[in-house]
Every structure is written in C-alpha cells, then in structure tokens.
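Note on naming: letters A, B, ... go to the chains in the order of the sequence lines (proteins, then strands), and numbering restarts at 1 for each one.
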There are 2 protein chains.
Amino acid sequence: MIEWREDVPRWRQVANVIRRRIESGEYRPGRLLSENALMQEFGIARNTARKSIAWLREEKRLIYTRPNLGSFVGPEPEDDEE
Amino acid sequence: MIEWREDVPRWRQVANVIRRRIESGEYRPGRLLSENALMQEFGIARNTARKSIAWLREEKRLIYTRPNLGSFVGPEPEDDEE
DNA sequence: AGATATTTGTTCGTATGTATC
DNA sequence: GGATACATACGAACAAATATC
C-alpha cells in the first residue's frame, strides 16, 4: 500500500516511485511498464497511470511507449528504417 | 435494440440482461457466451462486453471462462487433475 | 501439415462525464 | 477556471490457443 501525500499529485508520486526503481536498477531496460500494472499496484485510475507514464516518458525520458504494446524501460530506440 | 438508461453503466445493463436469461433458464448450462456475440447483439465495444462478462463471472459466478475458448453458462468446473 | 476462423488476453489511444479542490 | 482523479466507453493492434477444414 502507498500512503498518499496530500500536497503532491498522485500521478507524480507514482512516477517518482517508478523513477527510483529505474534509476536504482531494480527495473532493467526492456522491462514492461503497463498501465494495468500501475493501476493494480497503486490502486489508481487509468488516467492517472497514463499521466505517470507520460511524465516518465516526456519529461524524464526514462521510458518509451509503443502503441498497443506497452511502455518499456530505456531510451527511445532510433527508428533505423530506410 | 436496447434502450440505454443514463444512470446505469452499459456494461452493467448488458450483464443484467444476460443474468436474467441465465436465471430464467433461457440460457442453459454450457451455452457459449462470447464477447463477439455481446458486441453484436448490444452494439457495444469489446471492452464493455468484457466488463459485463467479468462481472457475471467474478461477482455473480454465473459463468466461467476458458481462455481462447469462451465463457460458458454454469458454475466453474472443478479441476479434477491428479 | 497447413491454412483459416474463432476466441480470449493484453495493451495503448482517445474522448466524455462527474466530482472535488 | 484549472488541475486532479475517478469511471465509462468508444476504437485499434497484436499475441496465443483452440477448432475446423
């Protein structure tokens, strides 16, 4: 169970927990970070989970997202298509 | 066609219709209840159909689901494996 | 063996509505 | 009014197992 702080948005608190797990190495590159997993572990709504993931992706660039597949720990892979 | 009520979620209204059919005997034990069938008959999205089925299974225990096969009317069969 | 159809499982993208602060 | 957070509901893509032909 997480004990929510009142002065920080939940999406941000969740993102911080995940960020720490990534930076500590607990979450290895390539690991799946699905919205469902966040919803279940933290007991949050999907919108909230998405906001956490968006922040990790767009602000911290610790993960990348593949539509219909999921979000994965690590830097955005280059699209090396010709 | 179903006339949706505004004050009850669609997934719940669909589940209620199915529940009545099961309890009235219209749907016999063993009958397949596929997501596609619900989508077509009620004009709902797959997610919504899945939520109706999940409720009938997990809350009412009127059906059981076999992955890659479908959901069937009746109690969850015992796994009689040795 | 192989192709096809059916069916569930999982996942993201988007939008709307309600309520609260 | 804006940000947060919940639930609902549409769509879409892909995987995997099963059944049939």
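- In this entry the distance linking CZ of F72(A) with C1' of dT10(C) reads 11 Å, nearest Å.
- The heavy-atom pair separating I53(B) from L33(B) by the smallest distance is CD1-O, 3.8 Å.
- Within the model, atoms CZ of R10(A) and CG of N47(A) stand 13.5 Å from one another, a figure rounded to the nearest 0.5 Å.
- Atom CD1 of I2(B) is separated from atom C1' of dA9(D) by 15 Å (rounded to the nearest Å).
- Note on E76(A) versus R66(A): salt bridge recorded, some NZ/NE/NH1/NH2 to OD/OE distance being below 4.0 Å.
- Side-chain nitrogen and oxygen atoms of K51(B) include at least one within less than 4.0 Å of the OP1 or OP2 phosphate oxygen of dT8(D).
- Within the model, atoms CD of Q40(B) and CG of L38(B) stand 10.5 Å from one another, a figure rounded to the nearest 0.5 Å.
- Clustering ILVMFWY residues whenever any of their side-chain heavy atoms sit less than 4.5 angstrom apart, transitively, puts L32(B) in a cluster other than the one holding W55(B).
- No continuous path of hydrophobic side-chain contacts links M39(A) to L69(A) [ILVMFWY only; heavy atoms under 4.5 Å].
- For the atom pair CZ (R46(B)) and CG (N36(B)), the distance works out to 7.5 Å, reported to the nearest 0.5 Å.
- One can place CG of L38(B) at 16 Å from C1' of dC10(D), the figure rounded to the nearest angstrom.
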How does protein contact run along nucleotides 11-21 of chain C, one letter per nucleotide 5' to 3', with B for base contact, S for sugar-phosphate only, - for none, heavy atoms under 4.0 Å? BBBBBB-----
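- Applying the salt bridge (Lys or Arg N to Asp or Glu O under 4.0 Å) rule to pairs touching residues 52-63 of chain A yields nothing, sequence neighbours excluded.
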Can you give me every donor-acceptor pair (side chain of residues 12-19 of chain A, partner residue at least two apart or in another chain, under 3.5 Å) with its distance?
unit_1	atom_1	unit_2	atom_2	d
Q13(A)	OE1	R5(A)	N	3.0
Q13(A)	NE2	R5(A)	O	3.0
Q13(A)	NE2	V8(A)	O	2.6
N16(A)	OD1	R19(A)	NH2	3.3
N16(A)	ND2	R12(A)	O	3.3
R19(A)	NH1	E23(A)	OE1	3.4

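- Straight-line distance from the CD1 atom of I44(B) to the P atom of dC10(D): 7 Å, rounded to whole Å.
- When the side-chain nitrogen and oxygen atoms of T48(A) are compared with OP1 and OP2 of dC6(D), one or more of them lie within a distance under 4.0 Å.
- Proximity of residues 8-20 of chain A to DNA chain D (heavy atom under 4.0 angstrom from any strand atom) is restricted to P9(A), R10(A), W11(A).
- In the helix from dG2(C)-dC21(D) to dC21(C)-dG2(D), the rotation axis of the first five pairs and that of the last five pairs differ in direction by 0°, rounded to 10 degrees.
- The interatomic distance linking I63(B) (CD1) with dT7(C) (P) rounds to 14 Å, in whole Å.
- Rounded to whole Å, atom P of dA7(D) lies 18 Å from atom CG of D7(B).
- Under the 4.5 Å side-chain contact rule for hydrophobic residues, W11(A) and W4(A) share a cluster.
- Listed by first then second residue, pairs satisfying ring-ring contact (aromatic ring centres under 6.0 Å, His included) with a partner in residues 58-78 of chain B read Y64(B)-F72(B), not counting sequence neighbours.
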